[in-house]
Amino acid sequence: MKEKVIRVISEFNNELKLQGFKAFQIESDSNETRTYSRKEFYKICLTTGKSKIHYSDKTFEQEGTILFFGNPHIPYSWETISTTYVGYTILFSADFFKNSERSESLQQSSFFKIGGTPVLKITSEQRDFLNTIFQKMIAEQESDYLYKDELIRNYISLIIHESLKMEPSENYEQNNNASSRLTSVFLELLERQFPIETTANPLQLKTAQQYAQHLNVHINYLNRAVKEVTGKSTTAHITERIITEAKALLLHTDWSISEIAYALGFEYPTYFNNFFKKQTGTNPKSFRLTEV
């Protein structure tokens with residue numbers, strides 16, 4: 001039997017942090033396994049072949065054409081079983097899609113949620129339609145069209161909405177999912193704290209301990225569950241989300257840095273400055289001036 005080859009695909013992380021999006025065609029690759037890890041990007045794959053996907057606490061074994069949705073919060077592995085495996089993949093960062101007015105569909109889509117079903121069985125007719133969309137995105141990323149990013153975001157949104165109209169696959173094995181359920185509730189609670197729309201209503205939940213108290217669980221249990229499911233600590237998720245919101249406020253509001261610091265729950269602007277610089281390598285003022 002041919003020895004399985006471990007192929008690491010997370011090298012796209014750095015590229016996506018710079019560009020936010022990448023689309024490519026999957027070449028025929030037999031007996032390969034992509035490593036089980038947390039990626040830094042959302043992923044949508046349209047593939048034809050036989051495979052087994054381990055996703056959080058579920059295992060999906062599929063044959064034929066499927067549409068797969070990967071969430072950066074959730075580790076997964078993908079084992080190719082058939083000798084031929086072809087299709088398309090798109091990778092995109094949260095920041096890339098958040099520039100779209102339709103970003104809410106990404107947050108609300110059951111396919112990207114921890115407790116959801118990330119695999120859809122695709123008919124031949126649906127595959128032909130989706131093939132066209134993926135091909136357009138591959139071509140568009142190489143074009144010189146001034147608004148190609150917005151066009152690509154529209155294509156992603158179209159795939160998500162088409163998927164929402166399909167029936168999700170139920171061909172999976174359900175394992176112990178207590179940690180998964182708690183992690184899903186935590187991540188949804190975290191996301192509900194944002195966006196910060198006014199300085200009169202500052203961020204209320206800022207620490208892992210506060211989230212644990214709000215969810216009525218012990219902090220150690222929450223930390224263990226989140227780490228087990230996502231590969232990251234509770235504090236890391238909170239920190240990343242606050243930084244994302246801080247960047248948005250710096251770029252898209254005329255609030256002073258002191259007002260932003262207060263809105264994000266920092267008692268003093270110096271605390272916010274130190275926090276922001278530690279996480280990003282630059283201070284809020286420099287970030288605002290550089291990005292504008």
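Since the model is a prediction, treat every value here as computed from it, not as a measurement.
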Are [X] and [Y] linked, directly or through other ILVMFWY residues, by side chains that come within less than 4.5 angstrom of each other?
{"X": "Tyr268", "Y": "Tyr262", "answer": "no"}
{"X": "Ile219", "Y": "Leu189", "answer": "no"}
{"X": "Ile90", "Y": "Ile160", "answer": "yes"}
{"X": "Phe272", "Y": "Leu251", "answer": "yes"}

Beyond-backbone contact of [X] with [Y], side-chain heavy atoms, under 4.5 angstrom:
{"X": "Ile159", "Y": "Tyr155", "result": "no"}
{"X": "Arg241", "Y": "Glu245", "result": "yes"}
{"X": "Phe134", "Y": "Ile44", "result": "yes"}
{"X": "Ile53", "Y": "Ile66", "result": "yes"}
{"X": "Phe41", "Y": "Lys22", "result": "no"}
{"X": "Ile243", "Y": "Phe276", "result": "yes"}
{"X": "Ser233", "Y": "Val226", "result": "no"}
{"X": "Phe266", "Y": "Ile260", "result": "no"}

Query raised in the report: In a check of side-chain contact (heavy atoms from CB on, under 4.5 Å) between Phe129 and each of Thr132, Asn131, Ile133, which one passes?
Result: Ile133
Query raised in the report: Stepwise, does the side-chain contact (heavy atoms from CB on, under 4.5 Å) test hold for Ile242 with Ile238?
Result: CA-CA 6 Å; Ile242 291 175; Ile238 297 169; 3.8 Å; yes
Closer than 3.5 angstrom, by distance alone: can the side chain of [X] be matched with the main-chain N or O of [Y] as a donor-acceptor pair?
{"X": "Gln141", "Y": "Ala23", "value": "yes"}
{"X": "Thr244", "Y": "Glu240", "value": "yes"}
{"X": "Glu142", "Y": "Ile138", "value": "no"}
{"X": "Ser143", "Y": "Glu140", "value": "yes"}
{"X": "Thr47", "Y": "Gly87", "value": "no"}
{"X": "Gln204", "Y": "Pro202", "value": "yes"}

Quick check for you: to the nearest 0.5 Å, what is the distance between [X] atom [atom1] and [Y] atom [atom2]?
{"X": "Gln193", "Y": "Leu264", "atom1": "CD", "atom2": "CG", "answer": "12.0 Å"}
{"X": "Arg288", "Y": "Thr253", "atom1": "CZ", "atom2": "OG1", "answer": "5.5 Å"}
{"X": "Ile81", "Y": "Gln62", "atom1": "CD1", "atom2": "CD", "answer": "10.0 Å"}
{"X": "Lys285", "Y": "Thr290", "atom1": "NZ", "atom2": "OG1", "answer": "11.5 Å"}
{"X": "Phe21", "Y": "Arg153", "atom1": "CZ", "atom2": "CZ", "answer": "10.5 Å"}
{"X": "Lys52", "Y": "Thr80", "atom1": "NZ", "atom2": "OG1", "answer": "12.5 Å"}

Query raised in the report: Do Ser286 and Asn283 have a side chain donor and acceptor closer than 3.5 Å?
Result: yes
Requested in this report: Indicate whether the side chain of Glu259 and that of Thr199 have a donor and an acceptor atom separated by less than 3.5 Å.
Outcome: no
Requested in this report: Might you work through the side-chain contact (heavy atoms from CB on, under 4.5 Å) test for Tyr42 and Asn71, ending with a clear yes or no?
Outcome: CA-CA 5 Å; Tyr42 288 90; Asn71 184 324; 4.3 Å; yes
If you look at every heavy atom in [X] and [Y], which pair is closest and at what distance?
{"X": "Phe69", "Y": "Leu67", "value": "CZ-CD2, 3.7 Å"}
{"X": "Ala225", "Y": "Thr183", "value": "O-OG1, 3.2 Å"}
{"X": "Trp255", "Y": "Ile196", "value": "CH2-O, 3.9 Å"}
{"X": "His218", "Y": "Ala212", "value": "C-CB, 4.3 Å"}
{"X": "Pro269", "Y": "Ser258", "value": "CG-OG, 3.5 Å"}

Query raised in the report: Mind checking whether His237 and Phe186 have parallel, tilted or perpendicular rings, split at 30° and 60°?
Result: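 Taking Phe186 first and then His237, their aromatic rings stand perpendicular (interplane angle over 60°).
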Query raised in the report: Can you say whether the rings of Phe68 and Trp78 are parallel (under 30°), tilted (30 to 60°) or perpendicular (over 60°)?
Result: perpendicular
Query - Residue pair Ile152, Phe96: steps toward the side-chain contact (heavy atoms from CB on, under 4.5 Å) verdict - result: CA-CA 10 Å; Ile152 288 172; Phe96 177 82; 4.0 Å; yes
Query - Results of side-chain contact (heavy atoms from CB on, under 4.5 Å) for Thr65 - residues two or more places apart only - result: Leu46, Thr48, Ile122, Arg127
Requested in this report: Decide side-chain contact (heavy atoms from CB on, under 4.5 Å) for Lys136 and Leu151; before the verdict, give the C-alpha distance in whole Å, the side-chain angles of both, and the deciding distance to 0.1 Å.
Outcome: CA-CA 10 Å; Lys136 286 180 179 295; Leu151 181 55; over 6 Å; no
